[in-house]
Amino acid sequence: MDIDPAERRYLEEEDSPLMKTMKGATTGFAAGTIFGTIAATWYDVPRVERNIALPGLIRTLKMMGNYGVTFAAIGGVYIGVEQLVQNYRMKRDFVNGAVGGFVAGATVLGFKGRSIKTAISAGTALAVTSALIDAGGQTTRIDNGKEYYPYTTKKRSTVD
């Protein structure tokens, strides 16, 4: 099984699968905390009455933490499973993300919903979403085969 040079370059990135998983969890926690802040303004957090701000602040912080932990778990499980599948299959395609999405949705959201039906539907929704994004080529990085360095590799001419 011969691997394409562009594929090999991706597989030999500087970040280990564990580091990618930690980055996914951290990013998920940050996004979840922000989303929790927004959700707290929409839902049942009571208005702050005069000098009694503590109950509203505590409820807001709880919602932020709850969403943050949930998003961190989804991000960590998704990236972790995607990396495991990718290293096992030695391929980088939409299947890795779909498997990661299904496992993340089924475990994290299924556990929160406490039902098999919720687990299967959440896993399927995340798997389909991930597969559509990956298969549609929605990526932030395009590999054109060129290596870019922050410096030039050509020698300077002495005639300046």
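Excluded from the calculations below are hydrogen atoms, water molecules and symmetry mates; all remaining heavy atoms, backbone and side chain alike, are included. Owing to the predicted nature of the structure, the values given are computational and were not obtained by experimental measurement.
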Quick one: [atom1] on [X] to [atom2] on [Y], what's the gap to the nearest 0.5 Å?
{"X": "Phe102", "Y": "Thr129", "atom1": "CZ", "atom2": "OG1", "answer": "13.0 Å"}
{"X": "Thr107", "Y": "Phe111", "atom1": "OG1", "atom2": "CZ", "answer": "10.0 Å"}
{"X": "Ile74", "Y": "Leu126", "atom1": "CD1", "atom2": "CG", "answer": "6.0 Å"}
{"X": "Ile79", "Y": "Lys20", "atom1": "CD1", "atom2": "NZ", "answer": "8.5 Å"}
{"X": "Thr27", "Y": "Met22", "atom1": "OG1", "atom2": "CE", "answer": "11.5 Å"}

Exercise: identify the closest heavy-atom pair between [X] and [Y]:
{"X": "Thr60", "Y": "Ala40", "value": "CG2-CB, 3.9 Å"}
{"X": "Gly105", "Y": "Ala122", "value": "O-CB, 3.6 Å"}
{"X": "Leu109", "Y": "Thr118", "value": "O-CG2, 3.8 Å"}
{"X": "Thr70", "Y": "Val108", "value": "O-CG1, 4.0 Å"}
{"X": "Ala104", "Y": "Val77", "value": "CA-CG1, 3.6 Å"}

Subject >> All ring-ring contact (aromatic ring centres under 6.0 Å, His included) counterparts of Phe29, not counting sequence neighbours >> reply: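 Counting only residues at least two positions away or on another chain, Phe29 forms no ring-ring contact (aromatic ring centres under 6.0 Å, His included).
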
Original post:
Do Val85 and Val103 share a hydrophobic cluster, counting only Ile, Leu, Val, Met, Phe, Trp and Tyr and linking them when any side-chain heavy atoms are less than 4.5 Å apart?
Top reply: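 Yes, because Val85 and Val103 connect within a single hydrophobic cluster, where side-chain heavy atoms sit under 4.5 Å apart.
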
Subject >> Cluster link Val99 to Tyr78, ILVMFWY, side chain under 4.5 Å >> reply: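 Unlinked, Val99 and Tyr78 end up in two clusters.
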
**OP:** Indicate yes or no for a side-chain donor-acceptor contact from Thr37 to the backbone of Thr33 under 3.5 Å, with no hydrogens or angles considered.
**Re:**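 Yes, Thr37 side chain to Thr33 backbone: donor-acceptor pair under 3.5 Å.
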
Original post:
Short question: side chain of Ser130, backbone of Ala127 - any donor-acceptor pair under 3.5 Å?
Top reply: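 No: the side chain of Ser130 does not pair with the backbone of Ala127.
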
Subject >> Side-chain heavy atoms of Asn66 within contact of Lys112, under 4.5 Å >> reply: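 With C-beta onward as the side chain, the pair touches.
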
Original post:
If we only count heavy atoms from C-beta on, is the Val95 to Arg89 side-chain gap below 4.5 Å?
Top reply: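 Counting from C-beta outward, Val95 and Arg89 do come under 4.5 Å.
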
**OP:** Return the orientation label for the Phe35 and Tyr67 ring planes: parallel under 30°, perpendicular over 60°, tilted otherwise.
**Re:**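 It falls in the perpendicular class, over 60°.
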
